[in-house]
Enquirer: 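The structure's right below; bear with me while I get my questions together.
Here, residue 1 is the first one in the sequence, and each next residue gets the next number.
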Amino acid sequence: METLRKHRVLLALSLLLVSIIILYSGLKLKVQTDKPSYMINETITAELTLVNQMPFPLPYTAYTKIDAEVYVNGEKDNKGWGAFVTPASQIFLVPRGEHNIFMPIKYTPKEAGVVEFVFKIYSSGGVKTIRKMVEVVDS
C-alpha cells in the first residue's frame, strides 16, 4: 500500500513538472526590428517583445528593471536606456500573442558593420539577457 502511495505522489509531481515546463515554454522574449539590414544614417527601431505562443494566458514573473544597450562592431556605444518598473504583483498573466514590454528604442548608426541591441530584464527570478544583431551597410 505504501509503495502505491509513493508512486501516486511521484506521478502527480511528474505531471506538475511537465505542466510547468509546457506552460513556460510557451513564453518567449525577443527583440524585433522591422528589417534585418539597414543603411548608414537610417534609424533602427528595436522593441523588446514578450510572445505567448499558447492560445490561453500564461503566468510570467514580473520584471522590476529593464536596461538596453547598443554595440556597434563589438564596441559599446555611449547611448543606453533603462526603466525601473514597480510590479503590481510578483506574477502577471500574459495574454495570447505578442506584447511590447519596453518602449521602442531608436538608434541611428554612423558607420557600416553590425549593430547589436542588448536588453537585460531583471526580475525576482534573476536576469535574462536578450540580443538582436542587424547589419548596417554603406550606401
Side-chain angles (χ1 to χ4, degrees):
M1 194 59 118
E2 185 65 30
T3 304
L4 184 60
R5 186 177 190 186
K6 287 180 182 178
H7 286 302
R8 285 182 180 167
V9 169
L10 184 60
L11 178 62
L13 289 174
S14 298
L15 289 173
L16 179 64
L17 180 63
V18 167
S19 298
I20 290 171
I21 290 171
I22 289 171
L23 285 177
Y24 280 98
S25 68
L27 289 173
K28 303 280 186 224
L29 277 167
K30 68 179 184 177
V31 178
Q32 294 187 130
T33 56
D34 52 348
K35 55 188 186 176
S37 181
Y38 294 83
M39 305 277 278
I40 293 176
N41 293 322
E42 182 179 6
T43 300
I44 304 169
T45 301
E47 295 179 302
L48 181 61
T49 304
L50 183 58
V51 181
N52 176 1
Q53 301 171 340
M54 297 294 188
F56 47 83
L58 291 178
Y60 188 71
T61 304
Y63 39 85
T64 55
K65 181 182 174 191
I66 299 175
D67 287 331
E69 301 171 336
V70 175
Y71 291 80
V72 180
N73 297 324
E75 298 290 323
K76 184 177 176 183
D77 191 287
N78 290 331
K79 291 188 179 188
W81 299 263
F84 284 97
V85 181
T86 305
S89 66
Q90 293 288 21
I91 294 177
F92 65 95
L93 289 177
V94 179
R96 190 179 80 138
E98 294 185 359
H99 304 279
N100 187 0
I101 65 169
F102 188 66
M103 63 183 177
I105 62 171
K106 296 185 182 298
Y107 182 77
T108 305
K110 304 297 182 201
E111 61 184 272
V114 175
V115 173
E116 181 179 25
F117 294 93
V118 179
F119 286 86
K120 294 179 183 171
I121 303 96
Y122 300 84
S123 69
S124 60
V127 180
K128 293 181 184 174
T129 302
I130 310 298
R131 301 170 182 271
K132 169 79 175 200
M133 292 182 180
V134 293
E135 185 180 6
V136 177
V137 296
D138 201 357
S139 50

Enquirer: Any link between Val72 and Ile40 through a network of hydrophobic side chains (Ile, Leu, Val, Met, Phe, Trp, Tyr) touching at under 4.5 Å?
Expert: yes
Enquirer: Distance-only check: which donor-acceptor pairs under 3.5 Å involve side-chain atoms of residues 97-106, not counting sequence neighbours?
Expert:
unit_1 : atom_1 : unit_2 : atom_2 : d
Glu98  : OE2    : Lys30  : NZ     : 3.2
His99  : NE2    : Pro95  : O      : 3.1
His99  : NE2    : Arg96  : O      : 3.3
Asn100 : OD1    : Phe102 : N      : 3.1
Asn100 : ND2    : Glu47  : OE2    : 3.1
Asn100 : ND2    : Phe102 : O      : 3.3
Lys106 : NZ     : Thr45  : OG1    : 3.1

Enquirer: For Thr33, enumerate each residue passing the side chain to side chain donor-acceptor pair (under 3.5 Å) test, keeping only those at least two apart in sequence or located in another chain.
Expert: none
Enquirer: Rounded to the nearest 0.5 Å, how far apart are OH of Tyr122 and CG of Asp67?
Expert: 4.5 Å
Enquirer: At their closest point, which heavy atom of Ser123 faces which heavy atom of Ala62, and how far apart are they?
Expert: CB-O, 3.2 Å
Enquirer: Can you get from Val127 to Phe117 by hopping between Ile, Leu, Val, Met, Phe, Trp and Tyr side chains that sit under 4.5 Å apart?
Expert: no
Enquirer: Taking a hydrophobic cluster as the set of Ile, Leu, Val, Met, Phe, Trp and Tyr residues connected by side-chain heavy atoms closer than 4.5 Å, whether directly or through intermediates, do Val118 and Leu50 fall within one such cluster?
Expert: no
Enquirer: Shared ILVMFWY cluster between Ile121 and Val51, side chains joined below 4.5 angstrom?
Expert: no
Enquirer: With sequence neighbours excluded, tell me which residues meet side chain to side chain donor-acceptor pair (under 3.5 Å) with Ser37.
Expert: none
Enquirer: Using atom types as modelled and distance alone, determine if a side-chain donor or acceptor of Asp77 lies under 3.5 Å from a backbone N or O of Tyr71.
Expert: no
Enquirer: So does Lys132 have more than 12 non-hydrogen atoms from other groups sitting under 6.0 Å from NZ?
Expert: yes
Enquirer: So which atom in Lys128 and which in Leu29 form the shortest heavy-atom distance, rounded to 0.1 Å?
Expert: CD-CD1, 4.0 Å
Enquirer: Not counting sequence neighbours, which residues clear side chain to side chain donor-acceptor pair (under 3.5 Å) with Thr43? List them please.
Expert: Thr108
Enquirer: Roughly how far, to the nearest 0.5 Å, is the CD atom of Gln32 from the CG atom of Leu48?
Expert: 9.5 Å
Enquirer: Give the minimum heavy-atom separation between Lys35 and Tyr38, together with the two atoms involved.
Expert: O-CE1, 3.2 Å
Enquirer: Please find the pair of heavy atoms, one from Pro109 and one from Val115, that lie closest to each other, and give the distance.
Expert: CB-CG2, 4.1 Å
Enquirer: If you measure from CD on Glu75 to CD on Glu116, what distance do you get to the nearest 0.5 Å?
Expert: 12.0 Å
Enquirer: Run the salt bridge (Lys or Arg N to Asp or Glu O under 4.0 Å) test against Lys110 and tell me which residues pass, sequence neighbours left out.
Expert: none
Enquirer: Count I, L, V, M, F, W, Y as connected when their side-chain heavy atoms are under 4.5 Å apart, and connections chain through other members. Are Met54 and Val94 then in the same cluster?
Expert: yes
Enquirer: Tell me, please, which residues at least two apart from Glu135 pass side chain to side chain donor-acceptor pair (under 3.5 Å).
Expert: none
Enquirer: Locate the shortest heavy-atom distance separating Leu93 from Pro57; write the atom from each residue and the value.
Expert: CB-CB, 4.2 Å
Enquirer: Do you know which two heavy atoms are closest between Ala112 and Asn73, and how far apart they sit?
Expert: O-ND2, 3.1 Å
Enquirer: Is any side-chain heavy atom of Trp81 less than 4.5 Å from a side-chain heavy atom of Val70?
Expert: yes
Enquirer: Looking at CD of Glu69 and NZ of Lys76, how far apart are the two atoms once the value is rounded to the nearest 0.5 Å?
Expert: 4.0 Å
Enquirer: So do the side chains of Ile44 and Val136 get within less than 4.5 Å of each other, counting heavy atoms only?
Expert: yes
